[in-house]
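So you know, we letter chains A, B, ... as the sequences are listed, proteins then strands, and number each from 1.
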There are 2 protein chains.
Amino acid sequence: MSTSPVSPDAETATAGAVDSTTAPPRAPKAATIYDVAQAAGVSHQTVSRFLKGFEGIRPETREKVEQALDELGYRPNLTARSLKSGRSHRIGALTHEISQVGPGRIVEGASAAAREAGYVLDIIALDARNPRAIEESLAIITQHDLAGVLALASTDEMTHAFETTAFRVPAYVAAESDGVPDDPRTKLSSVGLPAVVAHLAELGHRRVVHIAGPHTWSASRNRMRAFESAVEAQGMHSEAILHGDWSARSGYEAIAGLAELPGATAYVAANDQMAIGAMLALKERGLRIPEDVSVVGIDDIPEAAYLDPPLTTLRNDFEAQGRAAVHQLLALIEQSEPRPVTVPPPLLVVRRSSGPVLQAG
Amino acid sequence: MSTSPVSPDAETATAGAVDSTTAPPRAPKAATIYDVAQAAGVSHQTVSRFLKGFEGIRPETREKVEQALDELGYRPNLTARSLKSGRSHRIGALTHEISQVGPGRIVEGASAAAREAGYVLDIIALDARNPRAIEESLAIITQHDLAGVLALASTDEMTHAFETTAFRVPAYVAAESDGVPDDPRTKLSSVGLPAVVAHLAELGHRRVVHIAGPHTWSASRNRMRAFESAVEAQGMHSEAILHGDWSARSGYEAIAGLAELPGATAYVAANDQMAIGAMLALKERGLRIPEDVSVVGIDDIPEAAYLDPPLTTLRNDFEAQGRAAVHQLLALIEQSEPRPVTVPPPLLVVRRSSGPVLQAG
DNA sequence: CACCCGAATGTTTTCGACAACATTGGGTGG
DNA sequence: CCACCCAATGTTGTCGAAAACATTCGGGTG
């Protein structure tokens, strides 16, 4: 049957409140190197030299400065520093859909990596509903002088925007390529999506369907290519490629919208959310998971282990991806070698949503 | 039975790659008002006045400036501006768990609201694993001169840190209060959690259990209080308050860990993730949802409608909350009236996970 | 003993925007 | 006919840090 899962628009409304203010102690001015210099009885430049770790300072002078420094609780004014030096310690990050697990984690990782390197991350969250969002965001970026710019969601528009925009600073587009490195030697390894497909092959599956993400996302295309080449390599048959938009709703609709189901025994969704939707739609068609059909996702969102049935999926380390992106950008900014970043390989997590093909079929 | 949902640690590993670099056109210097002034044949101050919308400028002068301005593609240097004016256009936002739907959406809303007001949001993502995270983040904040500081995750530590830190700028702790305004008149209204409880009461439920979040989160405490007072108001009985950490896993364990189930016919989780875990644990105990037991969540995450069964939940408008928080802060910053922010009330969304108590019971 | 050198420290300038103050040039009232 | 006023525009100083340049002082050398 096809009972729709209740349109998300329903009943009763209610009133809620938000917020509460705090008015704690407000620190007064803020010490400058001049204040410190005066307190220490030296010139501001001596203080500046001390701060930069200059060696040639007499021990007694050094001590006076040191003392004045923490007496006044001096904190460098980064704004002044940027103005003079022409470079800030801020990284701009353009991203979509922060609230999704993947992007969210990537931002977390990026934020942490940036902080560790002494930078802060300025998040520019793109509003998907606003077609001019990217344009506007780039305008903002060019003003707030940043040390570099990062694109954390690599859709085609984003990539294109980055390629055609003349930034005054290094820019980097972080893209993932799921287990299908361009290096042909690794193409058939039991890595990433190939591992998923191999897993299904072992279980006896021959006919599979892929539920892909939006074709404008490079991650989506990568996953699709990876899937198809793995299927081919295993001598399996891809019955269909359905398309969603990463959401559970789209996964549901991709299948609920079909006049009749393809004769596949396994479905591989490009992310867990779509897998969730797909599972519900399949169940509503009267199929049991995994007895009648196996479903596999990608990402291993925290809820994946607690679905019914728990979802077999490919775990991605998003945080590491975020960190990696920042390190790459920092390398460009600081003209250094891109520190060897280790993004752990995707890990196949087998749960109950995938099972052997039953002979009875 | 109690087949555990397969520990999230499993099989096969794989290698994946990340990233790809772009080296697009790099814009050269950047025009200053002096450059513009020279090009227009006027003084830089005239340019400045033009930019600030000063009226008393001769039309011909105005025109020259205007032309030079866009010929050079002038963009104000916000750094210099902040240095001089002592105030930046950046808002620092401290937050936890961005990858969760709630916090993530809040950040999106805050980011958008900030941008609309001409500010950018500097995200400081707190690492939950690092106990000194808040401290470190506050240190960062004091340096990067910000126009204001926002706490978007109101745990006790965060609130405490904000209350005891002497910021040089306005600070605001955004807290939600779910349908339990302090105003006693509205206490029993059919709002927020009271609406959830009323819904259950209508279905004939009398004995309920709450799965709360961590007690250090104010949102969690609010929800718990709201739940209990609503239950009392309906003459129902709260069988137990279980505690989780917002995760699906914790929801699962809260119930799977019980020696025997409380004799309740309905479970209300403080968020949807815990509801997901709870549903699985209940099913594994052999209970059917909603025939044997009803489960309700809070938040209405996008997947909620596609779970099995689709989850009855209370929809929160996180984006609006984020916007509201920014507006409150901006009011403090700009010493203006806190623009009346409308955070839509939580909306009860009834799906299939809640149903009438069966007489047979 | 004059001179040179370099270590240690001080003074000035610069970054870009902007504000306070200064100057120019018409027009007008006395 | 000139002092005065005001509109329009120019000049100088400020913000905090830091680089460029300058000065001081002690010691060694010819």
Let me know the distance between [atom1] of [X] and [atom2] of [N], rounded to the nearest Å.
X: A:Lys52; N: C:dT9; atom1: NZ; atom2: C1'; result: 16 Å
X: B:Arg62; N: D:dA7; atom1: CZ; atom2: P; result: 15 Å
X: A:His89; N: D:dA17; atom1: NE2; atom2: C1'; result: 13 Å
X: A:Arg81; N: D:dA17; atom1: CZ; atom2: P; result: 8 Å
X: B:Leu78; N: C:dC15; atom1: CG; atom2: C1'; result: 15 Å
X: B:Arg87; N: D:dG16; atom1: CZ; atom2: C1'; result: 18 Å
X: B:Lys84; N: D:dA17; atom1: NZ; atom2: P; result: 16 Å
X: B:Phe54; N: D:dT9; atom1: CZ; atom2: P; result: 9 Å

Under 3.5 Å: donor-acceptor pair, side chain of A:Thr61, backbone of A:Ile57: no
Qualifying ring pair (Phe, Tyr, Trp, His ring centres under 6.0 Å) pairs, either residue in residues 42-68 of chain B, two or more places apart: B:Tyr34-B:His44
Under 4.0 Å, heavy atoms only, any strand: does [X] hit a base, just the sugar-phosphate, or nothing?
X: B:Leu51; value: nothing
X: A:Ile57; value: sugar-phosphate
X: B:Thr61; value: sugar-phosphate

Residue-level proximity of residues 31-50 of chain B to DNA chain C when a heavy atom falls under 4.0 Å: B:Thr32, B:Ile33, B:Tyr34, B:His44, B:Gln45
Contacts of type salt bridge (charged side-chain N to carboxylate O under 4.0 Å, His left out), residue B:Glu116, not counting sequence neighbours: B:Arg323
Minimum heavy-atom distance A:Val169-A:Leu146, with the two atoms named: CG1-O, 3.1 Å
Which atom of B:Val120 lies closest to which atom of A:Ile124, heavy atoms considered: CG1-CD1, 4.1 Å
First encountered from the 5' end of DNA chain D, between B:Leu83 and B:Glu60: B:Glu60
A:Phe162/A:Tyr172 aromatic ring centres below 6.0 Å: no
A:Arg62, CZ atom: more than 12 neighbouring heavy atoms under 6.0 Å: yes
Any A:Arg58 side-chain N or O less than 4.0 Å from OP1/OP2 of C:dT9: yes
